[in-house]
Asker: 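Shown below is the structure under consideration.
Numbering of ligands and ligand atoms starts at 1, following listing order. These figures come from a predicted structure and were not determined experimentally.
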Amino acid sequence: MSGTRERIGVLGGTFDPPHIGHLLAAVNVRSALNLDRVLLVVTNEPWQKLGTREISPAEDRLAMVQAAVADLPGIEASDLEIVRGGPSFSVETLEALRSGQPDADLFLIVGADAAGALHTWERWEELADLATLVLVDRPGVQAGDPPERWPLERVEIPRVEVSSTDLRSRVVEGRPLDFLIPPAVATCIAERRLYGLADS
Ligand code: ATP
Ligand code: MG
């Protein structure tokens, strides 16, 4: 650990499924900002996505994230929002982390697409008091402007044009998932018959 205060990164997501874009963000931000650990916080109810498409059960998405990070030191799956239940608001997650560890420094990691939409998040003005914002680029996405006066870091990560949306289509259409998700996540998808995989 560097210094006395623990430095914790938070990467929230639906992770339906998790992919190498998420993992590249987590490991590179951890390294660049010297974080002790990065939590992949699995959304319970992604309230902004509800009604737009079918969301896999939270326990399946958590299992996939656990499989994805099993061999990655310093990267952890978090069930905090699932245990809390209800709609998932990042502000409540950061508050919970802060009250559990008042001495930690928190870093909220978001991709370029999420950055421009931060002002639509619940109580977003309060987020700036809780965490430093960390922006990572995402190909094919115009980087939105984050709210002003928010402590901000930008971290360069390898740009891979991968999304959970594309991966779900790949499963449905039987196209390859190789090199886009860790093999353990592919196994998890097959075992749990996610994304409309028929029994065989
Ligand atoms: P979906 O297509 O279902 O929206 P997604 O691929 O965007 O899925 P999310 O779970 O919505 O994944 O994203 C969680 C976080 O990870 C967001 O902050 C998002 O910007 C970031 N992220 C996702 N994919 C990438 C990527 N390829 N590169 C950088 N950041 C990414
Ligand atoms: Mg997304």
Side-chain angles (χ1 to χ4, degrees), residues 9-33 38-58 60-69 72 75-82 87-91 93-94 106-121 124 127 131-147 150 152-172 177 179-182 185 188-189 194-196:
V10 174
L11 173 60
T14 312
F15 302 113
D16 196 12
H19 54 67
I20 57 166
H22 301 127
L23 299 174
L24 285 167
V27 298
N28 287 286
V29 170
R30 176 169 182 255
S31 162
L33 300 186
V38 172
L39 309 178
L40 267 49
V41 182
V42 181
T43 303
N44 183 52
E45 278 178 20
W47 57 281
Q48 291 197 324
K49 288 181 178 169
L50 287 182
T52 61
R53 65 172 180 85
E54 198 177 321
I55 314 282
S56 302
D60 288 330
R61 292 182 285 110
L62 177 65
M64 288 190 283
V65 174
Q66 286 168 336
V69 303
L72 282 179
I75 315 294
E76 300 171 13
S78 168
D79 65 358
L80 212 104
E81 294 185 350
I82 297 171
S88 301
F89 301 127
S90 295
V91 66
T93 302
L94 292 175
L106 302 177
F107 296 81
L108 180 64
I109 306 165
V110 295
D113 56 320
L118 278 170
H119 60 277
T120 68
W121 292 14
W124 66 268
L127 288 167
T132 299
L133 185 65
V134 183
L135 283 190
V136 296
D137 276 324
R138 185 168 185 182
V141 178
Q142 186 79 33
D145 284 326
W150 187 336
L152 177 74
E153 301 268 3
R154 283 177 196 272
V155 175
E156 281 289 327
I157 65 168
R159 296 172 192 217
V160 289
E161 196 156 358
V162 53
S163 69
S164 303
T165 301
D166 175 58
L167 284 159
R168 292 190 298 273
S169 306
R170 284 172 174 271
V171 177
V172 170
L177 308 176
F179 309 110
L180 298 174
I181 58 176
V185 175
C188 206
I189 291 172
L194 300 175
Y195 312 120

Asker: Can you pull out the closest protein heavy atom to atom 29 (C) of ligand 1? Residue, atom name and distance to 0.1 Å, please.
Answerer: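 Residue, atom and distance for the closest contact: Asp137 O, 3.5 Å.
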Asker: I'd like to check which ligand 1 atoms, numbered from 1 as shown, lie under 4.0 Å from a non-hydrogen atom of Arg53.
Answerer: 3 (O)
Asker: Atoms of ligand 1 less than 4.0 Å from Gly21 heavy atoms?
Answerer: 26 (C), 27 (N)
Asker: Going by the order shown, which atoms of ligand 1 are within less than 4.0 Å of some heavy atom of His19?
Answerer: 6 (O), 23 (C), 24 (N), 25 (C)
Asker: Taking Arg53 first and then Asp16, would you say they form a salt bridge - that is, a charged N and a carboxylate O separated by under 4.0 Å?
Answerer: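 Result for this pair is yes, salt bridge flagged.
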Asker: Quick test: of every protein heavy atom, which one is nearest to atom 12 (O) of ligand 1, and how far off is it to 0.1 Å?
Answerer: His22 NE2, 3.0 Å
Asker: Just which atoms of ligand 1 are under 4.0 Å from any heavy atom in Val160?
Answerer: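 Close to Val160: 27 (N).
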Asker: Find all atoms of ligand 1 within a distance of less than 4.0 Å from any non-hydrogen atom belonging to Phe15, and give their numbers and elements.
Answerer: 10 (O)
Asker: Could you walk me through whether Glu153 and Thr132 pass the side chain to side chain donor-acceptor pair (under 3.5 Å) check?
Answerer: CA-CA 7 Å; Glu153 301 268 3; Thr132 299; over 6 Å; no
Asker: Please write down residue, atom name and distance for the protein heavy atom closest to atom 10 (O) of ligand 1.
Answerer: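 Here the nearest protein heavy atom works out to Thr14 N, 3.0 Å.
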Asker: Please answer whether the main-chain N or O of Val91 pairs with a side-chain N or O of Trp124 as donor and acceptor at a distance below 3.5 Å.
Answerer: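 Judged by distance alone, no pair lies under 3.5 Å.
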Asker: Could you tell me which atoms of ligand 1, counted from 1 in the order shown, lie closer than 4.0 angstrom to a heavy atom of Val110?
Answerer: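 Going through ligand 1 atom by atom, the ones under 4.0 Å from Val110 are 18 (O).
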Asker: Do the side chain of Arg61 and the main chain of Thr14 share a donor and acceptor less than 3.5 angstrom apart?
Answerer: yes
Asker: Have a look at Lys49, Arg168, Arg138 and point out the one with the heavy atom closest to atom 4 (O) of ligand 1.
Answerer: Lys49
Asker: Kindly identify the option in Val136, Leu135, Leu11 whose heavy atom sits closest to atom 30 (N) of ligand 1.
Answerer: Val136
Asker: Quick one: which of Gly140, Ser169, Gly111 has a heavy atom closest to atom 18 (O) of ligand 1?
Answerer: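 Nearest option to atom 18 (O) of ligand 1, by heavy atoms: Gly111.
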Asker: Specify side chain, backbone, both or neither for Ala25, according to which of its non-hydrogen atoms lie closer than 4.0 Å to ligand 1.
Answerer: neither
Asker: Looking only at protein heavy atoms, which one is nearest to atom 14 (C) of ligand 1, and what is the separation?
Answerer: Gly12 O, 3.4 Å
Asker: Using side-chain contact (heavy atoms from CB on, under 4.5 Å), reason through Val162 and Leu167 one step at a time and then give a plain yes or no.
Answerer: CA-CA 8 Å; Val162 53; Leu167 284 159; 3.9 Å; yes
Asker: Looking at Arg138 and Glu161, would you say the former's side chain and the latter's main chain have a donor-acceptor pair under 3.5 Å?
Answerer: no
Asker: List ligand 1 atoms under 4.0 Å from Ser163, heavy atoms only on the residue side.
Answerer: 2 (O), 6 (O)
Asker: How far is atom 20 (O) of ligand 1 from the closest protein heavy atom, and which atom is that?
Answerer: Asp113 OD1, 2.5 Å
Asker: Whether the side chain of Thr52 engages the backbone of Lys49 through a donor-acceptor N/O pair (distance < 3.5 Å, no angle test) should be reported.
Answerer: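 Judged by distance alone, yes, a pair lies under 3.5 Å.
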Asker: Give a yes or no answer on whether the side chain of Thr43 reaches the backbone of Pro46 with a donor-acceptor pair at less than 3.5 Å.
Answerer: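 Not at all, since once roles are kept as given, no pair shorter than 3.5 Å links the two residues.
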Asker: Please check whether Gly13 reaches ligand 1 - meaning an N/O of the residue sits under 3.5 Å from an N/O of the ligand, judged on distance alone.
Answerer: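 No, since none of the N or O atoms of Gly13 sits under 3.5 Å from an N or O of ligand 1.
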Asker: Decide yes or no on side-chain contact (heavy atoms from CB on, under 4.5 Å) for Val110 and Val134, but give the supporting numbers first.
Answerer: CA-CA 6 Å; Val110 295; Val134 183; over 6 Å; no
Asker: Please write down residue, atom name and distance for the protein heavy atom closest to atom 2 (O) of ligand 1.
Answerer: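 Answer for atom 2 (O) of ligand 1: Thr165 OG1, 2.5 Å.
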Asker: Which atoms of ligand 1 have any heavy atom of Ala114 under 4.0 Å away?
Answerer: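 Close to Ala114: 18 (O).
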Asker: Can you list the steps and then say if Ile189 with Asp60 is a side-chain contact (heavy atoms from CB on, under 4.5 Å)?
Answerer: CA-CA 9 Å; Ile189 291 172; Asp60 288 330; over 6 Å; no
Asker: Please answer whether the main-chain N or O of Ser88 pairs with a side-chain N or O of Trp47 as donor and acceptor at a distance below 3.5 Å.
Answerer: yes
